[in-house]
Structure formats: structure tokens, C-alpha cells
Amino acid sequence: MLKTFEIKIGPLTRRLPIMPISDTTAIASFVLLGDAELTDYAAQALAKRVPAEFDYFVTLESKGIPLAQELSRVTNHPQFVVLRKNVKDYMVAPLTVPVKAITTSAPQQLVLDGTDADKLVAKRVVIVDDVISSGGSLAAAQALIEKAGATVVGQLAILAEGDAVDRPDIEFLAELPLFPR
Ligand SMILES: O=P(O)(O)OC[C@H]1O[C@H](OP(=O)(O)OP(=O)(O)O)[C@H](O)[C@@H]1O
């Protein structure tokens, strides 16, 4: 039978399947997509921790997208920016950086459409994602945002996983351990 880990996020409880990701390590798989109740709760809770002044939320494809949308709505920010994992033909002069996340062994890239990069010039940005673990995704997002000429003024996630729980530079709602395999 699949092992699971129960996590409490405010008043909500979720049972996460524990999945191996390497010879030595397993993670509790947290998939925000489709969980409207948790997305709504997390956006309300994180909205209380955003800096007083900023211009845009920036999130990463894919699981951060519903959270950034709801956070933008509750904080009255009509637009946000999504960093993608692939270059699309409709993009204009996309900026790319390599990215390595704990969930994905294959090399990936993070992409900022040049149209969105133009919006970010000299703006204050809050990065939002569902989980921060190794910090690889966050570092790649920071690099793209700085390439665009914006300043990161806040970093939010629902969960901090593993060593990320000790990071003083992120705001999060709950901690997620890593597991031995
Ligand atoms: O701190 P890190 O080790 O970089 O891990 C965190 C990242 O991993 C997950 O995304 P994933 O790469 O699984 O992509 P997905 O949202 O498209 O499924 C999560 O949504 C974060 O973006």
C-alpha cells in the first residue's frame, strides 16, 4: 500500500502520497492543481504576508499558476506573470535560464516571454509558488526577473520542504519533510 503523509495547512488537512525521487530520497507529493479549496485558503493566508507595495506577482508553470491567480485577485493586482517551462512560437524574444527542481531529474528551462519581460522593467515583484524545496526553481525565477530589470521584494509559497524551512528569505504556511527511501 502507498505510504502517505498528512499535512495540515490552516484548517485544511491533506493526505499526500510519498513518492520516491532518487535512490535515497522520497517526497510527499503535493499537487495543488484541482484543489480549489486549498488554493482559496492559501491565497487568503498568504495575502496577509505580502509586502505593502509591489507591482506584480510572478509564478512558475505549472502548479503556482492557480495560486498566483487567486492571490492577484484578493490583493487587487489585475495582472501577473507566468514563467513557462517551454518556449512557445507566440513568444517574442523569450529569455531563458536552465532550472533544476527536486521533482524533475531531466534538465528543464524556465522561460520569460519578452512581452512579459517588458512589463517587468523597473517593477517590484513578489515570486509565488506552491512549494519551495531545493530552491532551484526560485533561483531560476530570480535570475529571469533580474534579467528583465525587475526587483524581487518578496517570496511566498504554501509549503517549504526539507532545508527550505530554515530560509529566512521566504514566507510559507506549513513545513513538509523529506523522507528516506
Ligand atoms: O525548490 P525546487 O526544488 O526547485 O522545487 C520546487 C518546484 O518544484 C515544483 O514544480 P515542478 O518542477 O514539479 O513543476 P510543475 O509545477 O510543472 O509540476 C514546485 O511547483 C516548484 O516550482
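Since we're looking at a predicted model, the values are computed, not measured. Start at 1 with the first residue, then count along the sequence. Atoms within each ligand, like the ligands themselves, are counted from 1 in listed order.
A salt bridge links Arg124 and Glu53; the closest N-O separation between the charged side-chain nitrogens and carboxylate oxygens is under 4.0 Å.
Checked against ring-ring contact (aromatic ring centres under 6.0 Å, His included), Phe80 has no partners two or more places apart in sequence or in another chain.
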Please report, to 0.1 Å, the donor-acceptor pairs under 3.5 Å made by any side chain of residues 152-172, with sequence neighbours excluded.
| from | atom 1 | to | atom 2 | distance (Å) |
| --- | --- | --- | --- | --- |
| Gln155 | OE1 | Gln142 | NE2 | 2.6 |
| Gln155 | NE2 | Asp169 | O | 3.2 |
| Gln155 | NE2 | Asp169 | OD2 | 3.2 |
| Glu161 | OE1 | Ser133 | OG | 2.6 |
| Arg167 | NE | Asp169 | OD1 | 2.9 |
| Arg167 | NH2 | Asp169 | OD2 | 2.7 |
| Glu171 | OE1 | Arg49 | NH1 | 3.2 |

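Around ligand 1, the residues contributing at least one heavy atom under 4.0 Å from the ligand are Glu61, Ser62, Lys63, Lys85, Lys100, Ala101, Ile102, Thr103, Thr104, Asp129, Asp130, Val131, Ile132, Ser133, Ser134, Gly135, Gly136, Ser137.
Hydrophobic cluster of Val31: the remaining members, joined at side-chain heavy-atom separations below 4.5 Å, are Leu33, listed by chain and number.
Aromatic ring pairs are classed by plane angle as parallel below 30°, tilted from 30° to 60° and perpendicular above 60°; the pair His77 and Phe57 is perpendicular.
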(Q) Show, in sequence, the C-alpha distance, side-chain angles and deciding distance for Thr4 and Arg15, and conclude whether the side-chain hydrogen bond (donor to acceptor under 3.5 Å, both in side chains) test is met. (A) CA-CA 6 Å; Thr4 60; Arg15 185 166 286 283; 2.8 Å; yes
